[in-house]
There are 2 protein chains.
Amino acid sequence: MSGRLVIAGLGPGSEALVTPEVSAVLAEATDVVGYIPYVARVAPRRGLTLHPSDNRVELDRARHALEMACEGRSVVVVSSGDPGVFAMAAAVFEAVESGPPAWRELDIRVLPGITAMLAAAARVGAPLGHDFCAINLSDNLKPWALIEKRLRLAAEADFAMAFYNPRSKARPEGFARALRLLQQTCGDDRPVIFARAVSTPDEEVRVVPLDRCLPEMADMRTVVIVGASTTRVIARAGAPFVYTPRSAVA
Amino acid sequence: MSGRLVIAGLGPGSEALVTPEVSAVLAEATDVVGYIPYVARVAPRRGLTLHPSDNRVELDRARHALEMACEGRSVVVVSSGDPGVFAMAAAVFEAVESGPPAWRELDIRVLPGITAMLAAAARVGAPLGHDFCAINLSDNLKPWALIEKRLRLAAEADFAMAFYNPRSKARPEGFARALRLLQQTCGDDRPVIFARAVSTPDEEVRVVPLDRCLPEMADMRTVVIVGASTTRVIARAGAPFVYTPRSAVA
């Protein structure tokens, strides 16, 4: 029997956001591979081996999963959110391309999930309702100059922007620089959404005008969404709605 | 009893991609509102009234849903994909902002879904595995010059790009112009993914080098993904894998 490898998105945290397709694949897997907190979301059962691993070992983890699939096992690599958005799918295909020829003939499938920016956007309204971009603010794998160039061009294009991995203990300065750049480029009252751990018990969401944003408002569990010039805030008794209208004037 | 309004994403087509959260809300709704083919995906049952409506009446549909919620009903507006990405959520908040004050105090929630670009990306690998943007190519609600400006800036930023609504019978020319612009700006062999009706029985996915793309390869049911300069194609016996590596050099 030949093995297979599935790279599955668990969504942002709540079980109510895991697709039935992903649940079905997990129910049939022999091995689940992934970063410790994501593997911890999979219930142990007879016949299933869990392989949790630490952060920053994505390529090793991918190779281990590919090796097990080659041995005929039914392997699921789990990611939070969507596996194709700043997550494990790209790492697996990097490993495939640089690995033995047999790996590229494996049955490899990617199952999409609810990525963090969509869950975050939904919490406040529809800030990504018009053209937008998604940028990983970590400079572990790309130079900071490239991030800054993309931020400038995204502001010029008037995209709404979603930032993944905005800030970590190891990289406290990048997000501060990104905020300064945006504060110089966009209007003071541009709405910014800080959405932390959406759909988990730790969820915190706030909407802050750009000129009052502080770097400390984000950490590695936060997705940051910056509105476009057309983005609107609807004040109300409860938390405000934030949305970007469908129409735009040049 | 006060009403509520939920704007729910049904995902790209397959029932296996509808989140349990959305299924639960549909099971308790009194009224479901939406574009005809999306409402047709909701099973009729006692106590549920279906309100299908035609395309291009998004604001009327949103107002109707808000009025029913004000009357105490439990209303779900259904969108395909994610309601916050070029779909009904923005239209509902446009109606809220321009409507009577009571509307903004309603209990309104958005439930995310698997948006078309993520389902399409998953089918071929991980073409959105690095920074990317999403652009609606319809010029019904924005001038074509703005679309063209965004395409140029997105190419300069070296984003992978996902295009929604690339081409319709009423707008046959726009996508042809977009392709010409990209063919002049990006390399000839930049991989382009045409993903039509992903996860439905009509699914068709192909990967075509940019210089061999034709406007006729897309229609209104197609999402088009254009790789970044770093995007890789892994040839194999089956359909190729396409992915964008996590790392990038300026």
Fill in: Between CD1 on residue Ile234(A) and CD on residue Glu97(B), distance to nearest 0.5 Å
4.5 Å
Worksheet item: Quick check: are there more than 12 heavy atoms from other residues, nucleotides or ligands sitting under 6.0 Å from CZ of Arg232(A)?
Response: no
Discussion item. Looking at every heavy atom in both Ala248(A) and Pro143(B), which two are closest together, and how far apart are they?
Written reply: O-CD, 3.3 Å
Worksheet entry | Among Glu21(B), Glu15(B), Glu94(B), residue most engaged with chain A (heavy-atom pairs, under 4.5 Å) | Glu94(B)
Discussion item. Determine whether Leu17(B) and Leu111(A) satisfy the following criterion, side chain to side chain contact (heavy atoms under 4.5 Å, CB included), listing intermediate values before the conclusion.
Written reply: CA-CA 9 Å; Leu17(B) 293 175; Leu111(A) 303 187; over 6 Å; no
Discussion item. Using every non-hydrogen atom in the two residues, find where Ile114(B) and Gly113(A) come nearest and quote the distance to one decimal.
Written reply: CD1-C, 3.4 Å
Worksheet item: Taking all non-hydrogen atoms of both residues, which atom of Ala90(A) and which atom of Arg246(B) are closest, and how far apart?
Response: CB-CG, 3.8 Å
Worksheet entry | Under 4.5 Å from any heavy atom of chain A - which part of Val85(B) | both
Worksheet item: Looking at Ala160(B), Pro127(B), Ala119(B), Gly125(B), which has the largest count of heavy-atom pairs under 4.5 Å with chain A?
Response: Gly125(B)
Practice prompt. Report the C-alpha separation of Tyr243(A) and Val96(B) in whole Å, then their side-chain angles, then the decisive distance to 0.1 Å, and conclude whether the side chain to side chain contact (heavy atoms under 4.5 Å, CB included) test is met.
Written response: CA-CA 11 Å; Tyr243(A) 80 101; Val96(B) 168; over 6 Å; no
Worksheet item: Can you check whether His130(A)'s main-chain N or O pairs, donor with acceptor, with Asn136(B)'s side chain at less than 3.5 Å?
Response: no
Worksheet item: Has the side chain of Glu156(B) got a donor or acceptor atom that lies under 3.5 Å from a matching backbone atom of Leu153(A)?
Response: no
Fill in: Closest non-hydrogen atom pair, Leu106(A) against Arg236(B)
O-NH2, 2.9 Å
Worksheet entry | Over all atoms of both residues, closest heavy-atom pair of Thr19(B) and Ala16(A) | CB-O, 3.5 Å
Worksheet item: Which answer fits Met88(A), side chain, backbone, both or neither, if we ask what part of it has an atom under 4.5 Å from a heavy atom of chain B?
Response: neither
Practice prompt. Tell me, out of Ala126(B), Pro12(B), Ala154(B), Pro20(B), who's got the most heavy-atom pairs with chain A below 4.5 Å.
Written response: Pro20(B)
Discussion item. Among Ile108(A), Thr244(A), Thr115(A), Val242(A), which residue has the highest count of heavy-atom pairs closer than 4.5 Å to chain B?
Written reply: Ile108(A)
Discussion item. Which one wins on heavy-atom pair count under 4.5 Å against chain A: Ala89(B), Gly129(B), Ala134(B), Gly11(B)?
Written reply: Ala134(B)
Worksheet, complete the sentence: Whatever's closer than 4.5 Å to a heavy atom in chain A on Ile7(B) counts as neither
Discussion item. Shorter than 4.5 Å, heavy atoms on both sides: which option in Ala237(A), Ala235(A), Ala122(A) has the most such pairs with chain B?
Written reply: Ala122(A)
Worksheet item: Should Phe132(B) and Cys133(A) be marked as a side chain to side chain contact (heavy atoms under 4.5 Å, CB included) after you check the CA-CA gap, both sets of side-chain angles, and the distance that decides it?
Response: CA-CA 6 Å; Phe132(B) 65 94; Cys133(A) 65; over 6 Å; no
Discussion item. Under a 4.5 Å cutoff for heavy-atom pairs, which residue among Ala91(B), Ala121(B), Gly238(B) has the most contacts with chain A?
Written reply: Ala91(B)
Discussion item. Run the side chain to side chain contact (heavy atoms under 4.5 Å, CB included) test on Arg123(A) and Arg109(B) for me, step by step, so that the C-alpha distance in whole Å, both residues' side-chain angles and the decisive distance to 0.1 Å come before the verdict.
Written reply: CA-CA 7 Å; Arg123(A) 276 296 189 267; Arg109(B) 283 192 305 146; over 6 Å; no
Worksheet item: Relative to each other, are the rings of Phe241(B) and Phe93(A) parallel, tilted or perpendicular (30° and 60° limits)?
Response: tilted
Worksheet item: Say you draw a straight line from CG of Leu128(A) to CZ of Phe86(B); how long is it, rounded to the nearest 0.5 Å?
Response: 9.0 Å
Worksheet item: Of the listed residues (Glu58(A), Lys142(A), Arg150(A)), which shares the most heavy-atom pairs with chain B below a 4.5 Å separation?
Response: Arg150(A)
Fill in: SB check Asp158(B) Lys149(A) (cutoff 4.0 Å)
no
Worksheet item: Looking at Leu141(B), Ile135(B), Asp131(B), which makes the most heavy-atom pairs under 4.5 Å with chain A?
Response: Asp131(B)
